[in-house]
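Take a look at the structure set out below.
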Amino acid sequence: GQNIDQPTEMTATEGAIVQINCTYQTSGFNGLFWYQQHAGEAPTFLSYNVLDGLEEKGRFSSFLSRSKGYSYLLLKELQMKDSASYLCAVRDTDYKLSFGAGTTVTVRA
Amino acid sequence: ETGVTQTPRHLVMGMTNKKSLKCEQHLGHNAMYWYKQSAKKPLELMFVYNFKEQTENNSVPSRFSPECPNSSHLFLHLHTLQPEDSALYLCASSQDPGQGADTQYFGPGTRLTVL
C-alpha cells in the first residue's frame, strides 16, 4: 500500500513562517498535491508538484524532491486564517490519489 | 465556493435506518468520488465514477451503495450501518482522473453519526 507521513500538529506565531513536511513511499509517482481544510469545511486545492523544485504562489510555496520522496509546504507571513489542516496527497502510476492524515496548524497571536 | 454541493450537511441515523447522501457538481467535470474522513486518519477513497461508470470500489462494505445517474450527480445510499461508520463523507469531482495533474474539488461533506 501507500505510505504518506506528515506531522500531526504544528503551532506558530502570527507573522512567522511554518514548514510542513511530507514524506511518501508509493507505487510510482504522478504528482503531489497539497490541500487546505478548515474545520467543518471542504478541502481546497493549494498546489501541485510533479517536477523537482519549488513552486511559489503568494504566501504559500511547495517543494518537491522525487529522489528523496519528500515535499514540503511553506507558509509565510502567517495569518490567523491560516489555522487549518493541511493535507499532502500523492498520485501513483495507476493515477490513484492517496492522502496523508493531515497536519493541523494552529496560528497564535 | 459552490462548485460541489452536498446534502445533508449533518445526519444522525440508527443502525436500522436507510438514508441517502447527495452530491452535485456544477463544474462540468466527468468524474466523481466518495471519500470517508475519520478523525486523525487519511481520507479513504470509497468509490470512483468516470462518465457515470463505476471505475473503483475500494473494498467498501455492501451497506454502502453508490449511484451515479449522470456526470453531475452522485448518491451514497446507506443501510444497516454500524457505529464505526460515523465519519465525514466527502464528495469530490475532477475533469479527467487519467491525467497526473487532474485536480479534485471537494464538497463540504456530510457529518454522519450512527447511533
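Every chain is numbered from 1, with letters handed out A, B, ... down the list of sequences. The analysis underlying the following values was restricted to heavy atoms, covering all of them including side chains, and did not include hydrogens, waters or symmetry mates.
- Highest contact tally toward chain B, considering only A:G40, A:G100, A:G31, is held by A:G100 [criterion: heavy-atom pairs under 4.5 Å].
- The part of A:Q37 that comes within reach of chain B is its side chain, from C-beta onward, which places non-hydrogen atoms under 4.5 angstrom from that chain.
- Each of B:V48, B:L90, B:D102 has some count of heavy-atom pairs under 4.5 Å with chain A, and the biggest count is that of B:D102.
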Verdict with supporting geometry, A:L78 and A:I17, side chain to side chain contact (heavy atoms under 4.5 Å, CB included) | CA-CA 6 Å; A:L78 278 173; A:I17 298 173; over 6 Å; no
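- For A:Q19, the CD atom is densely surrounded, since the number of other residues' heavy atoms within 6.0 Å is greater than 12.
- Across every non-hydrogen atom of B:S71 and B:F51, the tightest pair is OG-CA, 4.2 Å.
- Using a 4.5 Å cut-off between heavy atoms, A:I4 makes no contact with chain B at all.
- With a 4.5 Å cut-off on non-hydrogen atoms, B:Q99 touches chain A through its backbone but not through its side chain.
- Chain A forms the most heavy-atom pairs under 4.5 Å with one residue out of B:K40, B:E44, B:Q37, B:Q6, and that residue is B:Q37.
- Shown are A:L32, A:N3, A:V90; of these, the side chain to side chain contact (heavy atoms under 4.5 Å, CB included) with A:T26 is made only by A:V90.
- To the nearest 0.5 Å, atom CG of residue B:N50 and atom CG of residue B:D96 are 7.0 Å apart.
- Highest contact tally toward chain A, considering only B:G107, B:P97, B:G100, is held by B:G100 [criterion: heavy-atom pairs under 4.5 Å].
- Looking at A:Y35, only its side chain comes within 4.5 Å of chain B, counting heavy atoms on both sides.
- At a threshold of 4.0 Å, the pair A:K81-A:E14 does not count as salt-bridged, since none of the basic side-chain nitrogens sits closer than that to a carboxylate oxygen.
- Atom CZ of A:R108 sits in a sparse spot, with 12 or fewer heavy atoms from other residues, nucleotides or ligands closer than 6.0 Å.
- With a 4.5 angstrom heavy-atom cutoff, B:Y35 touches chain A only via side-chain atoms.
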Steps toward ring pair (Phe, Tyr, Trp, His ring centres under 6.0 Å) verdict (B:F47, B:F64) = CA-CA 10 Å; B:F47 301 104; B:F64 294 91; 7.7 Å; no
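- Using a 4.5 Å cut-off between heavy atoms, B:R111 makes no contact with chain A at all.
- Ranked by heavy-atom pairs under 4.5 Å with chain A, the list B:P108, B:G109, B:A92 is led by B:P108.
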